[in-house]
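Order of the sequence lines sets the chain letters (A, B, ...), proteins ahead of strands, with each chain counted from 1. Hydrogens, waters and symmetry mates play no part in the numbers below; they use all other heavy atoms, side chains included.
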Protein chains: 2
Amino acid sequence: MDPAEDLLKPVHCVSHTLQKTARVVAGLYAGELRSCGLSRGQFPILQQLEALGGGVPLSVLARRLYMDRTTLTRNLTPLERAGLVVREVDPDDARIRRVTITAAGRARLVEGREAWRRAQSQTLERIGVDAWRLLEDELRHVRKALS
Amino acid sequence: MDPAEDLLKPVHCVSHTLQKTARVVAGLYAGELRSCGLSRGQFPILQQLEALGGGVPLSVLARRLYMDRTTLTRNLTPLERAGLVVREVDPDDARIRRVTITAAGRARLVEGREAWRRAQSQTLERIGVDAWRLLEDELRHVRKALS
DNA sequence: ACCCATAGCGTGTAATTACACTTACTGGAG
DNA sequence: CTCCAGTAAGTGTAATTACACGCTATGGGT
């Protein structure tokens with residue numbers, strides 16, 4: 001309240017600052033990923049699915065990605081049609097949809113990672129490795145604090 | 001290249017990290033701003049327009065907001081219909097659209113700032129004032145480095 | 001006076017996001 | 001067994017974003 005009077009002016013908006021920075025960065029990654037037919041929203045999903053090992057309830061996946069559950073549902077549909085993931089009803093609880101990456105999905109992920117790596121390299125080169133190490137920790141802290 | 005081998009793994013994706021953090025924060029601001037009929041995309045536009053004093057070419061405004069020019073065009077349309085901004089053709093160069101905030105727009109901005117201030121306060125309180133001071137500088141650095 | 005490269009904008013279309021609401025299912029209380 | 005509160009997920013709808021493309025206007029060269 002008192003200690004940060006200057007930060008309560010709209011120029012210092014946390015939301016807008018994050019938003020516009022994310023937009024600037026996103027363009028670079030989308031450009032590289034386009035070459036392998038993955039959008040910048042799809043890549044993190046496949047990535048996370050592989051990391052979690054498969055059979056992940058949709059809600060759990062959504063939380064991991066800090067993504068709205070319904071948004072994830074929409075993003076999953078084209079991936080399923082492309083055969084990169086499968087959505088199966090849990091045998092013990094028919095409410096739960098267990099999502100798993102397929103072999104085709106893993107193959108696509110290999111291509112995707114090359115494209116992604118190019119974008120990440122360029123980005124790190126421009127902003128500096130040390131700067132990103134700092135930033136990454138601070139952003140994690142923000143997410144923890146707000147969710 | 002060599003010095004940051006660990007940062008070239010998808011867990012450390014700059015784009016996705018910024019994206020998801022922005023999403024988490026955005027929800028808070030959108031909730032508060034809804035009470036005054038401004039979306040979280042509209043508030044920064046009015047804010048910047050007032051700061052720039054009026055008669056701003058659309059392209060210039062877009063650059064200031066780190067926003068795609070065509071996205072700004074779309075976001076401006078509802079604001080114009082609501083009478084909060086006006087778009088006028090430059091008398092000396094008919095290609096240029098000069099955007100200006102109206103009196104009604106400034107009035108709405110006053111309401112908006114109260115709502116925004118609540119969101120910003122809550123956010124700062126949770127993430128910490130010092131953390132944000134650091135973060136804000138680093139995010140600015142990222143934008144400069146990539147655009 | 002004419003032509004044309006360029007600048008500034010708008011539109012078609014598509015991807016992404018999320019709120020409000022609905023549907024389907026589970027497990028336990030009575 | 002029945003009912004119902006709560007949980008998991010999908011859908012209707014709308015806002016946000018941006019790429020590709022097309023339009024109009026400008027200014028300089030010929």
Side-chain angles (χ1 to χ4, degrees), chain A residues 15-16 18-35 37-45 55-63 65-82 87-99 147, chain B residues 15-16 18-35 37-45 55-63 65-82 87-99 147:
Chain A
S15 179
H16 186 238
L18 281 166
Q19 190 85 36
K20 63 190 181 183
T21 310
R23 274 199 299 258
V24 170
V25 178
L28 227 162
Y29 286 75
E32 293 290 346
L33 281 172
R34 195 169 308 134
S35 67
L38 286 176
S39 73
R40 95 179 168 281
Q42 295 172 330
F43 181 73
I45 294 176
V56 190
L58 198 146
S59 291
V60 174
L61 183 57
R63 264 193 299 279
L65 294 166
Y66 288 87
M67 197 182 288
D68 185 86
R69 180 186 53 75
T70 67
T71 302
L72 180 57
T73 294
R74 303 288 161 102
N75 289 347
L76 233 38
T77 303
L79 286 174
E80 191 172 27
R81 263 185 310 159
R87 228 182 311 204
E88 297 165 313
V89 177
D90 184 307
D92 296 334
D93 187 339
R95 292 172 300 182
I96 299 177
R97 299 288 180 279
R98 295 199 172 269
V99 188
S147 58
Chain B
S15 178
H16 187 239
L18 281 166
Q19 191 86 37
K20 63 190 183 185
T21 310
R23 275 199 298 259
V24 170
V25 177
L28 229 162
Y29 287 75
E32 293 291 345
L33 281 172
R34 197 170 306 134
S35 67
L38 286 176
S39 73
R40 96 181 166 281
Q42 294 172 331
F43 180 72
I45 294 176
V56 191
L58 197 148
S59 293
V60 173
L61 183 58
R63 264 194 297 278
L65 295 166
Y66 288 87
M67 196 181 289
D68 185 87
R69 180 185 52 78
T70 67
T71 302
L72 180 56
T73 295
R74 302 289 160 98
N75 289 348
L76 234 36
T77 304
L79 287 175
E80 191 173 27
R81 264 186 310 161
R87 227 183 311 202
E88 297 165 313
V89 178
D90 184 308
D92 296 334
D93 186 340
R95 292 172 301 183
I96 299 176
R97 299 289 179 277
R98 297 202 170 266
V99 188
S147 55

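- Residues satisfying the side-chain contact (heavy atoms from CB on, under 4.5 Å) criterion with B/R23, sequence neighbours excluded, are A/M67, B/H16, B/Q19, B/K20.
- Heavy-atom contacts of chain B under 4.0 Å fall on DNA chain C between two terminal nucleotides, which in 5' to 3' order are C/dA7 to C/dC19.
- Within 4.0 Å (heavy atoms only), B/R87 reaches sugar-phosphate atoms of the nucleic acid but no base atom.
- Applying the salt bridge (charged side-chain N to carboxylate O under 4.0 Å, His left out) test to B/E80 and every residue at least two apart in sequence or in another chain returns B/R87.
- Checked against salt bridge (charged side-chain N to carboxylate O under 4.0 Å, His left out), B/R95 has the following partners two or more places apart in sequence or in another chain: B/D93.
- For the pair A/L58/A/L76, a side-chain contact is recorded, criterion being any heavy-atom separation below 4.5 Å from C-beta on.
- Smallest separation of non-hydrogen atoms from B/P44 and B/L65: O-CD2, 3.8 Å.
- We find that CZ of A/R63 is positioned 11 Å from P of D/dT7, with the value rounded to whole Å.
- Using a 4.0 Å heavy-atom distance criterion, B/R98 is classed as making no nucleic acid contact.
- Comparing A/R34 and A/P57 against DNA chain D, the residue whose closest nucleotide sits nearer the 5' end is A/P57.
- Partners of B/R97 by salt bridge (charged side-chain N to carboxylate O under 4.0 Å, His left out), not counting sequence neighbours: none found.
- Map A/S39 and B/G27 each onto its nearest nucleotide of DNA chain C; the residue landing nearer the 5' end is A/S39.
- For B/T70, the side-chain contact (heavy atoms from CB on, under 4.5 Å) partners are B/D68, not counting sequence neighbours.
- Residue side chain A/R95 reaches the base of D/dT7 through a donor-acceptor N/O pair under 3.5 Å, judged by distance alone.
- Taking the C1' atoms of five terminal pairs at each end of the helix from C/dA1-D/dT30 to C/dG30-D/dC1, the two resulting helix axes are inclined by 10°, rounded to 10°.
- Between A/N75 and A/I45, the closest side-chain pair of non-hydrogen atoms falls below 4.5 Å.
- Under the side-chain hydrogen bond (donor to acceptor under 3.5 Å, both in side chains) criterion, B/S15 pairs with no residue, sequence neighbours left out.
- In terms of the side-chain contact (heavy atoms from CB on, under 4.5 Å) criterion, A/R74 has no residue partners (sequence neighbours excluded).
- A/R40 contributes no side-chain N or O that, together with a main-chain N or O of A/A30, makes up a donor-acceptor pair within less than 3.5 Å.
- In the region residues 67-77 of chain A, proximity to DNA chain D at under 4.0 angstrom, judged on heavy atoms, holds for A/R69, A/T70, A/T73, A/R74.
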